[in-house]
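Presented below is the structure to which this report refers.
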Amino acid sequence: MKAAFRSLMERFWARPLLFAVGATGLALALTTLDESLDTSLNAPFLFAGGPEGARSLLSAIITSMISFTGLVFSITIVVLQLTSSQFSPRILSSFLKDRFNQVALGVFVATFVYALVVIRGVRGTAQVDPFVPQISVTVAFFLVLVSVLVFLAYIHHIAQSIRAAAIMAAIAADTRGLMEKRLPADATPEPTLTLPAGPSRTIATNRPGVVKWIDDAALARVAEREDVTVELLRSVGEFVPAGVPLARIHGAGTFDDDKLHSAVHVGRERSLDQDVGFGLRQLVDIAERALSPGTNDPTTAVQAVDQLHDLLRRLATRVLVPRQRTTKDGRLAVSVPQPSFADYLALALDEIAHWGKDSPRLQRRLHVVLLDLETAARPEHRPAVQAAIARYGLTPSLGLDALSPTDVGLRPAD
């Protein structure tokens, strides 16, 4: 339920719709309040015009707000096109989930809907049965002022959010946040439990897509109740065609296939719900696009490597605990495959090293990253770093102290 609500709120239209519903309720409540109060209040901040003036003001608000909304939507579409072509199509979801963009659109839609509802409460003329909901019209005016401030902040936000450094920093920050939840720094080594012997059966996927997240806690509760062990065969972030084995059920107990399909969410594309590798993938895509002949921007590629360096260093110094859940009596209930540090390292650096082999600056930066990782990595992760050093042709005995300031990026190369 919580995951479904989170998925709903990440949709681009969700918050603007909530703002529109809230504005409708506010308008109905204030017009009702106006009708119950004296219609000739003389407070200095209240609207003091007649029905014609109120209609003109609200009509102007309605017209301007729908134009504001169209402008914001157009700017958002242009930004999406720019980021997709210049950086990576995989970062579009980050812009669509941007709360500020959703709130800005929501404020404009709310002001439009509010004025539309309030204008129906203005009745009569200055000579015949006049009624002006003074409080409601005044609130509409203040909502316009708020919309102007939000629009200025939106322009600044968009201008900042399309900068390469800002995009990569945001991706890295989201990945670090996910890493703290899924792979905490204070985790202690745990043994990998073996799967039980005996009868087993497989459950196939019922539709194609990418495994976005797995509710292993729900699976563990069902597995404990039915006295079985659920072995997931596909990891988070992996594409699964329809009909391929998704999980293997160990044990003679019964297990409802629908329970598995409801706990394993298969969607159209990867996300940062549980997929640390997707954050690395986005940064790698930006670096590869920067290294393409049509772009030829090694500086952006180096900035992406810097963010990858921070993420890999965090992974290298942490215990990657196996994703397994047990029952109350210690029996293995759920086992979910997850990448090793070697997998993360290969994902982050192999493609960049391949496409950046003609950039001496990038090669030096990659060497610095690997040498630092070799020093910082836990003993169980160090062989993967040493294998990468050999793969890239770096002298294993060379340490950071032997590199010049130019190599480590402390001063620019000529």
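In terms of heavy atoms, Gln160 sits closest to Ala166 at O-CB, 3.2 Å. In terms of heavy atoms, Ala54 sits closest to Val132 at CB-CG1, 3.9 Å. In plain terms, the two heavy atoms of Val109 and Pro16 that are nearest each other are CG1-O, 4.3 Å. Closest approach of Ala20 to Val113, counting heavy atoms only: O-CG1, 3.8 Å. Here the closest heavy-atom approach between residue Ser271 and residue Lys212 is recorded as OG-CE, 3.5 Å. A pairwise comparison of heavy atoms in Arg234 and Ile214 identifies O-CD1, 4.1 Å as the closest pair.
For the pair Thr24 and Tyr114, the minimum side-chain heavy-atom distance is 4.5 Å or more. When side chains are defined from C-beta on, Ile158 counts as touching Asn101, because their heavy atoms get closer than 4.5 Å.
Between Arg270 and Glu238 there is no salt bridge, since no side-chain nitrogen of the basic residue lies less than 4.0 Å from a carboxylate oxygen of the acidic one. Taking the charged nitrogens against the carboxylate oxygens, Glu288 and Arg281 do have a contact shorter than 4.0 Å, which makes a salt bridge. The pair Asp297-Arg289 does not meet the salt-bridge criterion, since no charged nitrogen lies less than 4.0 angstrom from a carboxylate oxygen.
Between the side chain of Glu231 and the backbone N or O of Leu195 there is no donor-acceptor pair closer than 3.5 Å. Remark: the backbone N or O of Thr31 is paired with a side-chain donor or acceptor of Ser136 at under 3.5 angstrom. With hydrogens and angles disregarded, a donor-acceptor distance shorter than 3.5 Å links the side chain of Arg207 to the backbone of Val266. Under a 3.5 Å cut-off, the side chain of Gln363 and the backbone N or O of Gly356 do form a donor-acceptor pair. Using a distance-only test at 3.5 Å, with no hydrogens or angles considered, a donor-acceptor pair links the side chain of His261 to the main chain of Ala204. Side chain of Gln338 to backbone of Ser235: no donor-acceptor contact under 3.5 angstrom is found. Side chain of Glu351 to main chain of Val284: no donor-acceptor pair is present (N/O by atom type, distance under 3.5 Å, no hydrogens or angles). Side-chain N or O atoms of Asp216 include none that pairs as donor or acceptor with a backbone N or O of Val336 at under 3.5 Å.
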- Query: Could you walk me through whether Leu311 and Met179 pass the side-chain contact (heavy atoms from CB on, under 4.5 Å) check?
  - Reply: CA-CA 9 Å; Leu311 296 174; Met179 198 180 298; 3.9 Å; yes
- Message: Between Val72 and Tyr154, does the side-chain contact (heavy atoms from CB on, under 4.5 Å) criterion hold? Intermediate values first, please.
- Response: CA-CA 8 Å; Val72 169; Tyr154 172 79; 3.7 Å; yes
- Task: Show your working on side-chain contact (heavy atoms from CB on, under 4.5 Å) between Val211 and Phe239 and close with a plain yes or no.
- Result: CA-CA 6 Å; Val211 179; Phe239 179 83; over 6 Å; no
- List the steps and the verdict of side chain to side chain donor-acceptor pair (under 3.5 Å) for Ser340 and Asp343. CA-CA 5 Å; Ser340 64; Asp343 296 327; 3.1 Å; yes
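In this structure, CD in Gln134 is found 5.5 Å from CG in Leu46, a value given to the nearest 0.5 Å. Atoms CZ and OG1, from Arg248 and Thr229 in turn, are 12.5 Å apart once rounded to the nearest 0.5 Å. Rounded to the nearest 0.5 Å, atoms CG (Leu178) and CG (Asp275) are 8.0 Å apart.
A donor atom on one side chain and an acceptor atom on the other are found under 3.5 Å apart for Ser292 and Thr295. At a cut-off of 3.5 Å, with distance as the only test, no side-chain donor of Gln303 or Arg365 sits close to an acceptor on the other residue.
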Run the side-chain donor-acceptor check on residues 381-390: report pairs under 3.5 Å with partners two or more places apart or on a different chain.
unit_1: His381; atom_1: NE2; unit_2: Arg318; atom_2: O; d: 2.9
unit_1: Arg382; atom_1: NE; unit_2: Glu374; atom_2: O; d: 2.9
unit_1: Arg382; atom_1: NH2; unit_2: Ala377; atom_2: O; d: 2.6

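Using bins of under 30°, 30° to 60° and over 60° for the plane-to-plane angle, the ring pair His157/Phe100 lands in the tilted bin.
Residue Phe141 qualifies as open at atom CZ: its count of foreign heavy atoms under 6.0 Å is 12 or below. Counting heavy-atom neighbours within 6.0 Å of Arg378 CZ, excluding the residue itself, gives a total above 12.
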